[in-house]
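The structure appears below as structure tokens.
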Amino acid sequence: MEEIAEGVNNLNLAGDVIKKNRIQVSNTKKPLFFYVNLAKRYMQQHNEVELSALGMAIATVVTVAEILKNNGLAVEKKIMTSTVDMKDETRARPVQKAKIEILLGKTANFDELMAAAAEERESGNGEEQG
């Protein structure tokens, strides 16, 4: 039974292995800081996070990565770009879309910074930043 569960976890969909630390970013569904906070949580659990996006969502992924880097929480490990063929119902032929994948790892003081932020939130005396 365990082998079946493992096989399901390692299923290969459209040539892409499902990774537990991957966030597929959309530029329409969620606010920017949803992805920033989710990436922080993934880094706490897996020590690294892979941000992935297609087309217009690429700008969102780059922004999320830059926020994490500028706050001293993440370091860039790898950036991969490619194009993927997407089926478009309105056209007969497939459309190519740009794809980016950014692999970020925790900085040496990630846990320290996260603990300080949690402490600030718990005290409730922290001034709201706008």
Side-chain angles (χ1 to χ4, degrees):
M1 193 65 168
E2 204 170 292
E3 290 103 19
I4 294 170
E6 194 174 309
V8 169
N9 287 339
N10 295 329
L11 266 180
N12 206 349
L13 298 176
D16 233 354
V17 177
I18 297 171
K19 294 180 184 175
K20 290 181 180 164
N21 66 334
R22 174 182 287 167
I23 300 172
Q24 292 180 306
V25 176
S26 160
N27 61 342
T28 55
K29 292 182 184 167
K30 304 276 183 200
L32 182 69
F33 275 88
F34 168 82
Y35 293 113
V36 171
N37 292 324
L38 187 61
K40 287 179 190 177
R41 199 168 318 133
Y42 276 36
M43 283 194 291
Q44 281 176 320
Q45 293 170 351
H46 305 285
N47 294 325
E48 60 183 29
V49 64
E50 185 177 300
L51 302 170
S52 174
L54 294 174
M56 301 297 280
I58 289 173
T60 306
V61 157
V62 171
T63 303
V64 169
E66 287 301 309
I67 289 169
L68 292 167
K69 285 169 35 186
N70 291 338
N71 287 327
L73 296 169
V75 287
E76 234 166 63
K77 285 188 167 183
K78 193 184 211 179
I79 297 176
M80 298 159 285
T81 60
S82 59
T83 52
V84 290
D85 288 329
M86 303 291 285
K87 287 183 180 158
D88 190 351
E89 286 78 37
T90 59
R91 300 181 194 157
R93 59 186 169 84
V95 177
Q96 284 203 321
K97 283 214 169 198
K99 179 179 182 178
I100 192 167
E101 294 170 284
I102 302 175
L103 184 64
L104 298 173
K106 284 168 53 167
T107 56
N109 58 345
F110 174 89
D111 294 319
E112 208 176 289
L113 291 168
M114 290 298 287
E119 207 174 286
E120 228 174 83
R121 277 194 309 274
E122 283 173 17
S123 71
N125 297 337
E127 293 173 25
E128 284 290 323
Q129 291 181 357

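Worth saying up front: this structure is predicted, and the values here are computed from it rather than measured.
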Hey, what do you get for [atom1] ([X]) to [atom2] ([Y]), rounding to the nearest 0.5 Å?
X: Lys69; Y: Asn71; atom1: NZ; atom2: CG; result: 12.0 Å
X: Asp85; Y: Lys97; atom1: CG; atom2: NZ; result: 12.0 Å
X: His46; Y: Lys20; atom1: NE2; atom2: NZ; result: 7.5 Å
X: Met86; Y: Gln96; atom1: CE; atom2: CD; result: 11.5 Å
X: Ile67; Y: Lys40; atom1: CD1; atom2: NZ; result: 9.0 Å
X: Asn21; Y: Leu103; atom1: CG; atom2: CG; result: 7.0 Å

Single-linkage hydrophobic cluster, 4.5 Å side-chain cutoff, [X] and [Y] together:
X: Ile79; Y: Val62; answer: yes
X: Leu32; Y: Ile58; answer: yes
X: Phe34; Y: Val49; answer: yes
X: Ile100; Y: Val75; answer: no

Smallest separation among heavy atoms of [X] and [Y], with atom names:
X: Leu51; Y: Leu104; result: CD1-CD1, 3.8 Å
X: Glu50; Y: Glu101; result: OE2-OE2, 3.0 Å
X: Gly72; Y: Leu113; result: O-CD1, 3.3 Å
X: Tyr42; Y: Arg22; result: CE2-O, 3.7 Å
X: Ala53; Y: Val61; result: CB-CG2, 3.3 Å
X: Met43; Y: Phe110; result: CE-CE1, 3.7 Å

Next item on the list: Under the side chain to side chain contact (heavy atoms under 4.5 Å, CB included) rule, what do Met114 and Leu73 come out as? Steps first, then yes or no, please.
Entry: CA-CA 8 Å; Met114 290 298 287; Leu73 296 169; 4.2 Å; yes
Within 6.0 Å of [atom1] in [X], more than 12 heavy atoms from elsewhere:
X: Glu66; atom1: CD; value: yes
X: Met80; atom1: CE; value: yes
X: Lys78; atom1: NZ; value: no

Notebook entry, point to check: Hey, are the side chains of Leu54 and Val84 touching, using non-hydrogen atoms and a 4.5 Å cut-off?
Noted result: yes
Checklist line | side chain to side chain donor-acceptor pair (under 3.5 Å) partners for Ser26, two or more places apart | finding: Thr28
